[in-house]
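Below is one structure; the comments refer to it alone.
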Amino acid sequence: MVTMDADTTITAEFSVSNDGPDLTGEWLSLTQTCSEKKKGVKCRIKGTVAIRNIGNKDARSSSVQFNLSDDAMYDEGDRFLRKTSTGVVKAGKSKNKSLSGSFPVGISATGKYIIAVIDAGNTVSETNEANNAVVYGPVP
């Protein structure tokens, strides 16, 4: 506690700790194949994202969530595709996770974005929480 009885200048210094896990990623591949069916066009998507722990401590298991988006920003309006466990990601290491599935007839990823949100539930305390969304797109 500080008591002041006159104008006083106070300076505070804060530092960010870089001690801990930091999950991010990179798309390695993503393809969409579509075919004409009696009821309309049916599209499938298949891809691989590398989940990287660029921190200096192991990251406990969390999840990666895949979403279809009209833009390159992850938000509530995105269409949920799939969620899977990351498993433990050791410091300085990476793991590949796959996305595979089909869209309802008439839905396509063409011109849209696939966003992988690593640690989707924010269960891992990371040194940087702002680098968890990995965007691919627009999908051709």
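Predicted, not measured: the structure shown is a model, and the values here were computed from it. Positions are given from 1 along the sequence.
The shortest side-chain heavy-atom distance between S108 and Q32 falls under the 4.5 Å cut-off. Here the side chains of T31 and I45 are not in contact, with every heavy-atom distance at 4.5 Å or above. Between W27 and V134 the shortest side-chain heavy-atom distance falls below 4.5 Å. Residues D119 and T86 are not in side-chain contact: their nearest non-hydrogen atoms beyond the backbone lie 4.5 Å or more apart. Side chains of L68 and D78 form no contact here, defined as non-hydrogen atoms less than 4.5 Å apart. Two residues are said to be in side-chain contact when any heavy atoms from C-beta on lie closer than 4.5 Å; L99 and I114 meet this criterion. Inter-residue side-chain proximity for V64 and V117 is flagged as unmet; no heavy-atom pair is nearer than 4.5 Å. Annotation: side chain of N56 is in contact with side chain of D19 (closest heavy-atom distance under 4.5 Å).
A distance of 9.5 Å separates CZ of R52 from CD1 of I54, quoted to the nearest 0.5 Å. Atom OG1 of T84 is separated from atom CZ of R82 by 4.5 Å, given to the nearest 0.5 angstrom. Atom-to-atom distance recorded for F66:CZ and S98:OG is 7.5 Å, nearest 0.5 angstrom. Taking CG of N67 as the start and NZ of K83 as the end, the distance is 10.0 Å to the nearest 0.5 Å. For the atom pair OG (S63) and CD1 (I51), the distance works out to 9.0 Å, reported to the nearest 0.5 Å. Expressed to the nearest 0.5 Å, how far CG of D70 lies from CG of D75 amounts to 9.0 Å.
Scanning all heavy atoms of the two residues, the minimum distance from D71 to S69 falls at O-OG, 2.7 Å. Taking each heavy atom of A91 and D58 in turn, the nearest pair found is N-OD1, 2.9 Å. Closest non-hydrogen pair, V41 versus C34, comes out as CG1-CB, 3.8 Å. Scanning both residues, S62 and V124, for their nearest heavy atoms gives CB-CG2, 3.9 Å. Residues A59 and P21 share a closest heavy-atom pair of CB-CB, 3.7 Å. The nearest pair of heavy atoms linking T110 to P140 is OG1-O, 3.7 Å.
Side chain of K46 to backbone of S29: no donor-acceptor contact under 3.5 angstrom is found. With hydrogens and angles ignored, the 3.5 Å screen pairs a side-chain donor or acceptor of K42 with a backbone N or O of F103. Of the possible polar contacts, none joining the S102 side chain to the R44 backbone as a donor-acceptor pair under 3.5 Å is found. Between the Q65 side chain and the A120 main chain, no donor and acceptor come within less than 3.5 Å of each other. At distances below 3.5 Å, at least one donor-acceptor pair connects side-chain atoms of R60 with backbone N or O atoms of T123. Between the side chain of T24 and the main chain of N131, a donor-acceptor pair closer than 3.5 Å is present. At distances below 3.5 Å, at least one donor-acceptor pair connects side-chain atoms of N53 with backbone N or O atoms of D22. In terms of modelled atom types and a separation under 3.5 Å, the side chain of K95 and the main chain of V88 share a donor-acceptor contact.
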Query raised in the report: Passes side chain to side chain contact (heavy atoms under 4.5 Å, CB included), K57 versus T127? Steps please.
Result: CA-CA 10 Å; K57 297 226 170 129; T127 60; over 6 Å; no
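In this structure P104 satisfies the side-chain contact (heavy atoms from CB on, under 4.5 Å) test together with R79, I107, sequence neighbours excluded.
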